[in-house]
2 protein chains.
Amino acid sequence: MKKLSERDQRYLWHPLTQHKTHPGMLGITSAKGVFLHSEEGHSYIDAIASWYTCMYGHCNDFIIDRVQDQMRQLDQVVFSGFTHKPAIELAEALAKILPANQQKFFFSDNGSTAVEVAIKMAIQYHFNKGEKRNIMLALEEGFHGDTFGAMSVSGLSVYNGAFEDFFIKVIRLPRPTEDNIEELLHKAEVLLEENAIAGFIYEPLVQGAAGMKLIEACHLDPLLELMRNYGVLTIADEVMTGFGKTGSNFASDQIKHHPDLMCLSKALTAGLLPMGLTTCTREIFDAFYSEEISKGFFHGHTYTANPLACTAASAALELLLTDEIQTDICRINQMHADFDARMKRHPKVGNSRYTGVIYALDLAVSMQRYGKLRDTLYKKFMHKGVFLRPLGNTIYILPPYIITDDQLSKVYQSIEEVIDSI
Amino acid sequence: MKKLSERDQRYLWHPLTQHKTHPGMLGITSAKGVFLHSEEGHSYIDAIASWYTCMYGHCNDFIIDRVQDQMRQLDQVVFSGFTHKPAIELAEALAKILPANQQKFFFSDNGSTAVEVAIKMAIQYHFNKGEKRNIMLALEEGFHGDTFGAMSVSGLSVYNGAFEDFFIKVIRLPRPTEDNIEELLHKAEVLLEENAIAGFIYEPLVQGAAGMKLIEACHLDPLLELMRNYGVLTIADEVMTGFGKTGSNFASDQIKHHPDLMCLSKALTAGLLPMGLTTCTREIFDAFYSEEISKGFFHGHTYTANPLACTAASAALELLLTDEIQTDICRINQMHADFDARMKRHPKVGNSRYTGVIYALDLAVSMQRYGKLRDTLYKKFMHKGVFLRPLGNTIYILPPYIITDDQLSKVYQSIEEVIDSI
């Protein structure tokens, strides 16, 4: 029998991959807790929690037991005209921890569709009120997904040359910092005066795909306040930041002005199966609530509010709120602080930063996002039994909450050794 | 404890729903085989297989057992750099039954994203070859999904007024028929001469959301041949038609010219959890295979090729190919034929039609797609214990393959009684 890595090459086209320069895919046969196990017999610490999803560990028995019960009860049903307990219970549980203004929940299947839904809601909200606002505001280097709408608002278009003609109208603002905030507010106000801006989408506190770049709450707040003054709907894309990663349940909890809409996915279902969720205020919902059928929101995916995904999400939420997991988040944050104190003195490290369980450092060299040095780093980490995916010259850690002190120390050690070796 | 239907109203925003005119959602507590069971204690035959997904019945033990095993083994892993057995085995099994030119498989999370991927591949294919082709061709009344790219190519935009400014460039052709095919081919050729068409997307044999409108293979064939002659990539959206519904494994099997790309979802995972799949020819893959990283396809969703979804899909495929299910498909088709002979004589029935397990009739009255008469029909069917969702004046059946003769007869009978009662 051929190996998985060989059989893979026959039919599979992998995401975000140039197959000619990156031909080999490693066969993963099982996963448990923080570990991925390969067909070669090696084990790897999943130090980015499989793209920030499996925060309670792979194949988590508590979550799996719940989903397996649900699977025998009600697998799937059309969510137009029907409802079910898994969706209702998830909404009730989420409402307890989301910012209090988030009152209505619309399901879809991934982060990109959660963003598409939010953009469509923002545009139709104004349309339903008789205002034609057809421009979105977004941040430079923001990333919001790969479908056409989501791509349009993503400032971080690495290799989107083929599609630029097809994007919806978006104006980009620089990431707010201490240095540019006054100028940025002025620039934004000039744009807002024209009254054509429907919504503003942003990743609160951390721009993930850009390389875990931090934004301070005190710089987002005046921007959000300005948007509110001009009736622009604010959309917090918490697909990456949601569910504890920044130290609070949501990054938006640390910002005074709460968003009008929020996009959730990834850790929502704890790395078991896909789901997206767009939440919003009652005011937005009310703008669609009408005797006129056409004012409704005619968006839908077949598996909307899939009962299995809702069940996984409710179980994950229960885990998130336990003392154990909350303690883990603080513990990881403290370990990041200690590690960062060392790395700040390292001659090969430029900027370094952390918030919650997210840690990132930039090597003091420039390199291509998908270039050769980046690949070398990747391979060196894997050789040490640690799965990390550097973004260009940024090395970041976003571990499952259940990672032990020893395991996390091993991740730190591998980073120090790899940096010293290059 | 409040009922589900009451609790639902607090937080949930349902898809394709004007909540003011359609306030009540029925609480579904369980499902098994062809039946949905409500909290009111009623049972309903799921005569549209929960939007054409659970073709082997709800909570199918064969499929569930497989998925439950997978869940304890490998739940999820990043599909860039890694691969796994569930994805490989699914691809190998699908390759055996897809049109032979479909050689490369790209995963995503639902039908809309499968279409977004296909559109992006078609556009970038030409871009990578140095040709700027930036227009898509599509059929009037086609439906391909609700994300911005998928919406753009959907001719059936029921309530998309708010978004029309944001669509990508699309030219629509009428549905080919005996009467218009010559004129249509001429019109298409004039468009193709300008050399700016990247791809042509169509639902083969049946336009689903349009009201199960049939297209004959002999009218699609010359159109597809013409596209090929002009280097236009053809995209068969088989999200609805795939996996046996038209009597063959894929609708494209009945058409001489095979598509360059295919979009799959819905029954792919048998109604258990969401997944999308875009398949294509090796020629398309090769246009992305290059030393230049930027020629790769930089699209990805976090849960791409989710191992649970792949496992469900492989199990479903095994069932599809059994003699039992193939016999069921023929049996249902024959029952549709007998029913149709009766309905063709019915004074209140206009056009009626069927292919494979899909049956549709139009009432000889006009009505709004989401209007009051449509709602009356819906309620009357539910009152009779049958879940059908009329599309305007079109009543259609798309039952799970495992529906018994008696159950299907009950569906027919309910349709006859409801038509007689209006």
Side-chain angles (χ1 to χ4, degrees), chain A residues 7-8 11 13 15-20 25-26 28 30-31 50-51 59 64 68 71 73-78 80 82-84 88 91 104-106 109-110 116 123-124 127 134 146-149 159 162 165-166 168 271-274 289 293-294 296 298-304 306 308 370, chain B residues 7-8 11 13 15-20 25-26 28 30-31 50-51 59 64 68 71 73-78 80 82-84 88 91 104-106 109-110 116 123-124 127 134 146-149 159 162 165-166 168 271-274 289 293-294 296 298-304 306 308 370:
Chain A
R7 289 164 70 191
D8 177 85
Y11 296 115
W13 189 343
L16 311 173
T17 302
Q18 172 49 268
H19 278 270
K20 186 156 192 181
M25 302 291 146
L26 180 63
I28 299 296
S30 66
S50 287
W51 276 333
C59 297
I64 287 177
Q68 294 200 345
M71 215 175 252
Q73 180 76 18
L74 174 65
D75 46 2
Q76 170 65 26
V77 70
V78 166
S80 294
F82 295 140
T83 191
H84 51 71
I88 292 168
K104 285 289 176 177
F105 299 172
F106 193 97
D109 299 326
N110 62 31
E116 296 264 337
I123 291 167
Q124 192 176 342
F127 184 87
N134 58 359
D146 285 338
T147 50
F148 276 94
Y159 298 123
D165 277 0
F166 299 94
I168 63 178
L272 196 69
L273 72 184
Y289 188 81
I293 291 177
S294 67
F298 284 85
H299 184 107
H301 301 290
T302 299
Y303 285 88
T304 293
N306 173 248
L308 311 185
Y370 292 92
Chain B
R7 288 165 70 191
D8 177 85
Y11 296 115
W13 189 343
L16 312 174
T17 302
Q18 172 50 268
H19 278 271
K20 186 157 192 182
M25 302 291 147
L26 181 63
I28 299 296
S30 66
S50 287
W51 275 335
C59 297
I64 288 177
Q68 295 201 344
M71 215 174 252
Q73 180 76 17
L74 175 65
D75 44 2
Q76 170 64 26
V77 71
V78 167
S80 293
F82 296 140
T83 191
H84 51 72
I88 292 168
K104 285 289 176 177
F105 299 171
F106 192 97
D109 299 326
N110 62 32
E116 296 263 338
I123 291 168
Q124 192 177 342
F127 184 88
N134 59 358
D146 284 338
T147 51
F148 276 95
Y159 297 122
D165 277 1
F166 301 93
I168 62 179
L272 196 69
L273 73 184
Y289 188 81
I293 291 178
S294 67
F298 284 85
H299 184 108
H301 300 290
T302 299
Y303 286 88
T304 293
N306 173 249
L308 312 186
Y370 292 92

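Sequence lines set the chain letters: A, B, ... in the order given, protein chains first and strands last, and positions in each chain run from 1. Note: hydrogens, waters and symmetry copies are ignored here, and every other heavy atom, side chains too, is used.
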Side chain / backbone / both / neither for [X] at chain B, heavy atoms under 4.5 Å:
X      : answer
A/L308 : side chain
A/Y11  : both
A/N306 : side chain
A/T304 : side chain

What distance separates [X] [atom1] from [Y] [atom2], expressed to the nearest 0.5 Å?
X      : Y      : atom1 : atom2 : value
A/T83  : B/D8   : OG1   : CG    : 3.5 Å
A/D109 : B/L273 : CG    : CG    : 10.0 Å
A/W13  : B/F106 : CH2   : CZ    : 7.5 Å

Which atom names give the shortest non-hydrogen contact between [X] and [Y], and what distance separates them?
X      : Y      : value
A/G300 : B/P15  : CA-CB, 3.6 Å
B/M71  : A/L272 : CG-CD1, 4.0 Å
A/C59  : B/D75  : N-OD2, 2.6 Å
A/Y303 : B/G271 : OH-N, 3.0 Å
A/I28  : B/L74  : O-CD2, 3.7 Å
A/S80  : B/W51  : OG-CH2, 3.5 Å

Check: So which of A/H84, A/M25, A/Q76 has the biggest tally of heavy-atom pairs under 4.5 Å with chain B?
Finding: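 Highest number of heavy-atom pairs under 4.5 Å: A/M25.
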
Notebook entry, point to check: Does A/H299 have any ring pair (Phe, Tyr, Trp, His ring centres under 6.0 Å) partners at least two apart in sequence or in another chain, and if so, which?
Noted result: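 Once residues adjacent in sequence are excluded, the partners of A/H299 under the ring pair (Phe, Tyr, Trp, His ring centres under 6.0 Å) criterion are A/F297, A/H301.
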
Margin query: Could you work out, with side-chain contact (heavy atoms from CB on, under 4.5 Å) as the rule, every residue matching A/S30, not counting sequence neighbours?
Written below: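 Scan of A/S30 (side-chain contact (heavy atoms from CB on, under 4.5 Å), adjacent residues dropped) gives A/H37, B/Q73.
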
Next item on the list: List the steps and the verdict of side-chain contact (heavy atoms from CB on, under 4.5 Å) for A/H19 and B/K104.
Entry: CA-CA 12 Å; A/H19 278 270; B/K104 285 289 176 177; over 6 Å; no

Item checked: Under 3.5 Å: donor-acceptor pair, side chain of B/E116, backbone of A/D146 ->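 Judged by distance alone, no pair lies under 3.5 Å.
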
